[in-house]
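The structure under discussion appears below in the form of structure tokens.
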Amino acid sequence: MGLIFAIESSCDETSASICKNGKILSNYIANQTIHEKYGGVVPELASRAHLQNIVPVIDAALKTTGCALKTVNAFAFTQSPGLIGSLLVGAQFAKSLSLAFDKPLIAVHHMHAHVLANLIEEPAPTFPFLCLTVSGGHTQIVLARAELDFTVIGETIDDAAGEAFDKCGKLFGLPYPAGPSIDNHALMGNPHAFKFTEPKVPNLDFSFSGLKTSVLYFLRDKIKDDLEFIEKHLNDLCASVQYTIINILLKNLKKAVKQTGIKQVCLAGGVSANSGLRKALQETGNKEGWQIFIPSIEYCTDNAAMIAITGYYKFLAGEFADLSVSPSARAGW
Ligand code: KG4
Ligand code: ZN
């Protein structure tokens with residue numbers, strides 16, 4: 001019997017989830033709106049908000065399932081990467097529960113969990129599969145051979161795809177995080193209205209910092225002649241930036257499928273909530289003969305269900321952590 005209780009607190013979402021033998025029973029997420037007015041996540045405010053949210057979130061996750069903490073078989077938590085103050089809240093809580101109930105502790109890597117979010121729902125991919133993981137801090141193509149056997153075969157050399165959305169959105173005057181607003185405006189715009197440079201990066205790696213600079217210089221020139229250029233063209237600007245980001249992502253994904261011969265392709269991470277990306281990946285899949293897997297939105301953005309499912313596979317493999325384990329802001333895997 002594997003009843004796993006999981007906590008996610010790596011950035012600005014506090015989440016708790018319960019998973020029974022690989023099936024998610026509950027997934028509670030508290031978002032932090034306090035950061036909006038600062039144009040980005042303020043680490044100190046994030047850890048304070050986690051402290052306020054964690055008990056109600058854990059309570060809610062338990063109440064909906066009727067499970068008691070004493071029946072839990074293991075406590076999983078996000079150990080890395082993330083904001084250290086945020087990670088510490090979830091880690092300390094999980095450790096305390098593990099100690100109090102004398103049950104094993106499981107340390108989970110956040111990026112590993114984003115990929116395994118694809119195993120939560122049916123139909124799920126079989127191994128091996130490729131996963132494009134696109135979040136606010138990472139952009140990776142992962143080759144998954146088994147639940148606990150992954151290789152990162154491509155990743156960003158500078159900004160992440162989510163950062164590209166957020167930074168371009170900031171230039172357009174959109175609130176943080178700008179990804180969802182760009183997505184909404186793009187639905188009403190022309191993706192071919194403006195052309196932005198695409199990077200030339202070797203292998204399967206990505207680069208997004210040049211896009212942000214190219215948008216900055218483009219706007220600077222246009223605003224010289226027309227101060228209201230952004231307001232007048234917001235939908236087209238969002239559609240064109242989104243189109244460029246999607247193009248960069250899909251180009252490398254096509255190369256990865258060609259190199260590996262693996263045609264099961266999954267999507268993961270906060271940016272996979274983007275409607276344009278979901279549609280473009282599905283269309284590319286239909287055209288190229290790939291099988292596409294895209295998690296529901298609640299499992300794309302940060303959530304504890306993905307920590308619970310990863311915790312479950314680590315539980316089956318007996319991969320437990322010692323109570324001396326520390327969270328880490330930047331741990332590779
Ligand atoms: O995975 P995630 O929730 O947190 C991290 O681990 O970083 O990803 C957050 C990122 C942010 O950059 C946000 O702008 C982006 O996901 N995002 C989106 C959309 N929803 C969230 N980007 C584009 N379109 C969306 N609909
Ligand atoms: Zn994430």
Side-chain angles (χ1 to χ4, degrees), residues 5-19 24-65 76-78 80-94 108 110-111 113-114 117 120 133-138 160-167 169-170 174-185 267-275 277-278 294-310 327 329:
F5 186 89
I7 299 172
E8 151 66 31
S9 70
S10 64
C11 189
D12 58 344
E13 266 99 18
T14 322
S15 180
S17 170
I18 298 175
C19 146
I24 300 300
L25 303 184
S26 68
N27 180 40
Y28 258 82
I29 306 168
N31 297 303
Q32 303 179 1
T33 47
I34 183 132
H35 308 287
E36 273 166 23
K37 60 180 171 206
Y38 300 103
V41 176
V42 184
E44 177 59 28
L45 296 180
S47 22
R48 283 192 219 172
H50 281 304
L51 283 172
Q52 282 168 349
N53 293 342
I54 195 147
V55 172
V57 163
I58 287 179
D59 262 354
L62 286 167
K63 272 191 188 124
T64 40
T65 57
F77 71 101
T78 307
S80 65
L83 300 171
I84 194 67
S86 294
L87 288 166
L88 269 166
V89 176
Q92 287 310 116
F93 228 93
V108 172
H110 184 82
M111 300 313 293
H114 266 306
I120 292 175
T133 314
V134 271
S135 74
H138 291 79
E163 257 176 302
F165 272 104
D166 295 338
K167 287 180 177 171
K170 197 168 184 178
L174 297 171
Y176 176 86
S181 324
I182 292 192
D183 193 351
N184 289 335
H185 284 287
L267 197 56
V271 180
S272 51
N274 184 269
S275 62
L277 176 60
R278 295 168 87 90
I294 306 178
S296 300
I297 307 272
E298 78 168 299
Y299 302 130
C300 287
T301 45
D302 287 349
N303 67 87
M306 67 185 194
I307 307 300
I309 193 104
T310 310

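Basis for what follows: all heavy atoms, side chains included, without hydrogens, waters or symmetry-related copies.
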Problem - Closest contact, heavy atoms only, Ala30 versus Asn53 - result: CB-ND2, 3.8 Å
Fill in the blank from the handout: Looking only at heavy atoms, the pair that brings Ile7 and Ala94 closest together is CD1-N, 4.0 Å
Practice task
List the steps, then state whether side chain to side chain contact (heavy atoms under 4.5 Å, CB included) holds for Glu8 with Thr14.
Solution key: CA-CA 6 Å; Glu8 151 66 31; Thr14 322; over 6 Å; no
Exercise for the section: Look only at the side chain of Asp183 and the backbone of Gly179, and say whether a donor-acceptor pair between them is shorter than 3.5 Å. Expected result: no
Practice task
Assess whether side chain to side chain contact (heavy atoms under 4.5 Å, CB included) is satisfied between Thr133 and His138, documenting all intermediate values.
Solution key: CA-CA 7 Å; Thr133 314; His138 291 79; 5.7 Å; no
Handout entry: Approximate separation, where rounding is to 0.5 Å, of Thr65 OG1 and Ile18 CD1
Key = 3.5 Å
Completion exercise
d(Leu45 CG, Ser47 OG) to nearest 0.5 Å is 8.0 Å
Practice task
Considering non-hydrogen atoms only, spot the tightest contact between Ile29 and Asp302 and give its length.
Solution key: CD1-O, 3.8 Å
Practice task
Measure across Leu267 and Ser272 and return the closest heavy-atom pair with its distance rounded to 0.1 Å.
Solution key: CG-CB, 3.2 Å
Handout entry: Any donor-acceptor pair under 3.5 Å from Ser135 side chain to Gly269 backbone
Key = no
Handout entry: Asp59 side chain near Tyr28 side chain, heavy-atom distance below 4.5 Å
Key = no
Practice task
Using a 4.5 Å cut-off on heavy atoms from C-beta on, say whether the side chain of Val108 contacts that of Met306.
Solution key: no
Exercise for the section: Using atom types as modelled and distance alone, determine if a side-chain donor or acceptor of Ser9 lies under 3.5 Å from a backbone N or O of Ser86. Expected result: yes
Fill in the blank from the handout: Minimal heavy-atom distance between Gly137 and Ala160, with the atoms involved, is C-CB, 3.5 Å
Problem - Any Ser80 side-chain heavy atom under 4.5 Å of His110 side chain - result: no
Problem - Asn303 backbone acceptor or donor facing Ser15 side chain under 3.5 Å - result: no
Problem - Sidechain-backbone polar pair: Ser26 side chain, Ala61 backbone, donor-acceptor under 3.5 Å - result: yes
Exercise for the section: Would you confirm whether Asn27, through its side chain, and Ala305, through its main-chain N or O, come within 3.5 Å as a donor-acceptor pair? Expected result: yes
Practice task
State, yes or no, whether a side-chain contact exists between Arg278 and Cys300 at a heavy-atom distance under 4.5 Å.
Solution key: yes
Problem - Expected output: side-chain Ser17 to main-chain Ala6 donor-acceptor under 3.5 Å - result: no
Problem - Point-to-point distance, once rounded to the nearest 0.5 Å, from CZ of Phe165 to CG of Leu277 - result: 7.0 Å
Practice task
Give a yes or no answer on whether the side chain of His50 reaches the backbone of Cys11 with a donor-acceptor pair at less than 3.5 Å.
Solution key: yes
Completion exercise
Residues Val57 and Ala16: closest non-hydrogen pair is CG1-N, 3.4 Å
Exercise for the section: Keeping the roles fixed (side chain from Asp166, backbone from Gly169), state whether a donor-acceptor pair exists under 3.5 Å. Expected result: no
Handout entry: pair Cys19-Leu25: side-chain heavy atoms closer than 4.5 Å
Key = no
Practice task
Report yes if the side chains of Phe5 and Ile58 come closer than 4.5 Å at any heavy-atom pair, otherwise no.
Solution key: yes
Problem - Exam field: side chain Asn31 to backbone Glu13, donor-acceptor pair closer than 3.5 Å - result: no
Completion exercise
NE2 of His114 to OH of Tyr299, rounded to nearest 0.5 Å, is 14.5 Å
